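For this chain, numbers begin at 1 and follow the sequence in order. Predicted model, so just to flag it, every value in this text is computed and none were measured.
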Amino acid sequence: LTCCDGILVYTEGKYKLFVGAYTSPVGDLNESDLRHGVRVVAKPPRQQLFNGVRGTFVDKQRFWQETDFPSYKNSTYIAQDGGEEITRDITLPFTTDVFAAQRLAKQMLERARQGIILQFPAKLTAFKYQVNDVVRVTISHFGWASKEFRVLMWSLTEDLGVDLVLQEESSGSYAWNNGDETSVDTAPD
């Protein structure tokens, strides 16, 4: 799962692997789909917040030894966090390319910074969605018009509804361009 920023979900009697990639929205939710009020968590608690990622990968150039990859930091997020660098450490035991490790680190950071969590108590109209689907949510009270969210959890309720936990989603979280990577020392000390 670490080498593809993926999640493994058991659903419909099978395990399904979803890799960390942007997917287009599969449907829409709005106020008419609600059984009662939504709960919004605007950003993660301080202990879950980070603005940089560093870690290790298995370097084939160093005889398959665990090696640090260049850390990825976002100066905008550091400024949002009061100038404090908060780094998360990760281990990528099945990643053998330094640029892939950096790309995974960037993607993990960008996805984590899409921090709005929405608990959406839906009617059975949401029954068709599954974990990892992306849906567009329109709630005028929050000023959201087709705001994208990814389904994190799905559960059927006793009162014939579907409780969804959604996380804010952005296609930009998966963007990677040549030049985003940091060059490594070709002759390490």
Side-chain angles (χ1 to χ4, degrees), residues 1-2 4-9 18-55 69-92 101-122 126 129-155 157 161-177 180 182:
L1 295 175
T2 61
C4 66
D5 192 20
I7 62 168
L8 190 64
V9 177
F18 298 103
V19 298
Y22 177 74
T23 55
S24 298
V26 296
D28 298 284
L29 293 170
N30 57 46
E31 290 101 339
S32 68
D33 296 305
L34 287 168
R35 292 190 331 272
H36 50 81
V38 298
R39 181 169 181 259
V40 178
V41 178
K43 68 181 203 176
R46 181 75 173 162
Q47 66 267 25
Q48 293 176 5
L49 200 60
F50 58 98
N51 52 39
V53 179
R54 67 177 175 214
F69 61 83
S71 64
Y72 179 80
K73 297 176 187 172
N74 186 307
S75 58
T76 300
Y77 300 149
I78 293 170
Q80 287 175 353
D81 297 336
E84 180 184 358
E85 287 189 23
I86 308 166
T87 306
R88 179 180 213 178
D89 289 312
I90 62 171
T91 302
L92 302 172
Q102 289 178 69
R103 182 177 184 173
L104 287 166
K106 178 183 186 273
Q107 187 169 310
M108 288 175 190
L109 174 61
E110 296 298 330
R111 287 178 58 197
R113 292 306 285 218
Q114 302 304 314
I116 298 174
I117 300 292
L118 180 63
Q119 294 178 356
F120 196 97
Y129 302 124
Q130 64 180 354
V131 171
N132 206 55
D133 280 348
V134 175
V135 294
R136 290 178 295 265
V137 176
T138 299
I139 300 177
S140 58
H141 177 74
F142 299 125
W144 297 342
S146 297
K147 184 168 181 59
E148 293 182 6
F149 285 85
R150 186 172 296 274
V151 178
L152 297 181
M153 294 193 327
W154 183 105
S155 62
T157 64
V162 177
D163 284 345
L164 300 174
V165 176
L166 310 169
Q167 181 177 8
E168 183 180 20
E169 180 69 8
S170 169
S171 61
S173 297
Y174 304 92
W176 183 260
N177 299 307
D180 282 350
T182 303

**Q** Checking Glu31 now: which residues fulfil side chain to side chain donor-acceptor pair (under 3.5 Å) with it, not counting sequence neighbours?
**A** Ser140
**Q** Just jot down the side chain to side chain donor-acceptor pair (under 3.5 Å) partners of Gln107, sequence neighbours excluded, or say none.
**A**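 Applying side chain to side chain donor-acceptor pair (under 3.5 Å) to Gln107 gives Asp5.
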**Q** Of all residues at least two apart in sequence or in a different chain, which pass the side chain to side chain contact (heavy atoms under 4.5 Å, CB included) check with Val9?
**A**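 Ile7, Thr11, Phe18, Val131.
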**Q** Run the ring-ring contact (aromatic ring centres under 6.0 Å, His included) test against Trp154 and tell me which residues pass, sequence neighbours left out.
**A**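 Phe127.
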**Q** Taking ring-ring contact (aromatic ring centres under 6.0 Å, His included) as the definition, give me every residue that meets it alongside Phe120, ordered by chain and number, with sequence neighbours left out.
**A** none
**Q** According to salt bridge (Lys or Arg N to Asp or Glu O under 4.0 Å), does anything in residues 21-30 pair up with another residue at least two apart or in another chain? List the pairs.
**A**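 Applying salt bridge (Lys or Arg N to Asp or Glu O under 4.0 Å) to every pair that reaches into residues 21-30, excluding sequence neighbours, yields Asp28-Arg136.
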**Q** Of all residues at least two apart in sequence or in a different chain, which pass the side chain to side chain contact (heavy atoms under 4.5 Å, CB included) check with Asp163?
**A**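 Checked Asp163 against side chain to side chain contact (heavy atoms under 4.5 Å, CB included); matches are Arg35, Pro121, Ser155, Thr157.
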**Q** Sequence neighbours excluded, which residues qualify as side chain to side chain contact (heavy atoms under 4.5 Å, CB included) partners of Thr23?
**A**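 With sequence neighbours excluded, Thr23 shows a side chain to side chain contact (heavy atoms under 4.5 Å, CB included) to Val134, Arg150, given in chain and number order.
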**Q** For Ser171, give me all partners under side chain to side chain donor-acceptor pair (under 3.5 Å), at least two apart in sequence or on another chain.
**A**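 None.
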**Q** Can you list the residues that meet the side chain to side chain donor-acceptor pair (under 3.5 Å) rule with Arg113, with sequence neighbours excluded?
**A**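 For Arg113 the side chain to side chain donor-acceptor pair (under 3.5 Å) partners, ignoring immediate neighbours, are Gln80, Asp81.
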**Q** Can you sort out the partners of Pro44 under side chain to side chain contact (heavy atoms under 4.5 Å, CB included), two or more places apart, ordered by chain and number?
**A**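 Per chain and number, Pro44 pairs via side chain to side chain contact (heavy atoms under 4.5 Å, CB included) with Gln48, Leu49.
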**Q** For residues 36-46, which residue pairs qualify under salt bridge (Lys or Arg N to Asp or Glu O under 4.0 Å), counting only residues two or more places apart or in two chains?
**A** Arg46-Glu84
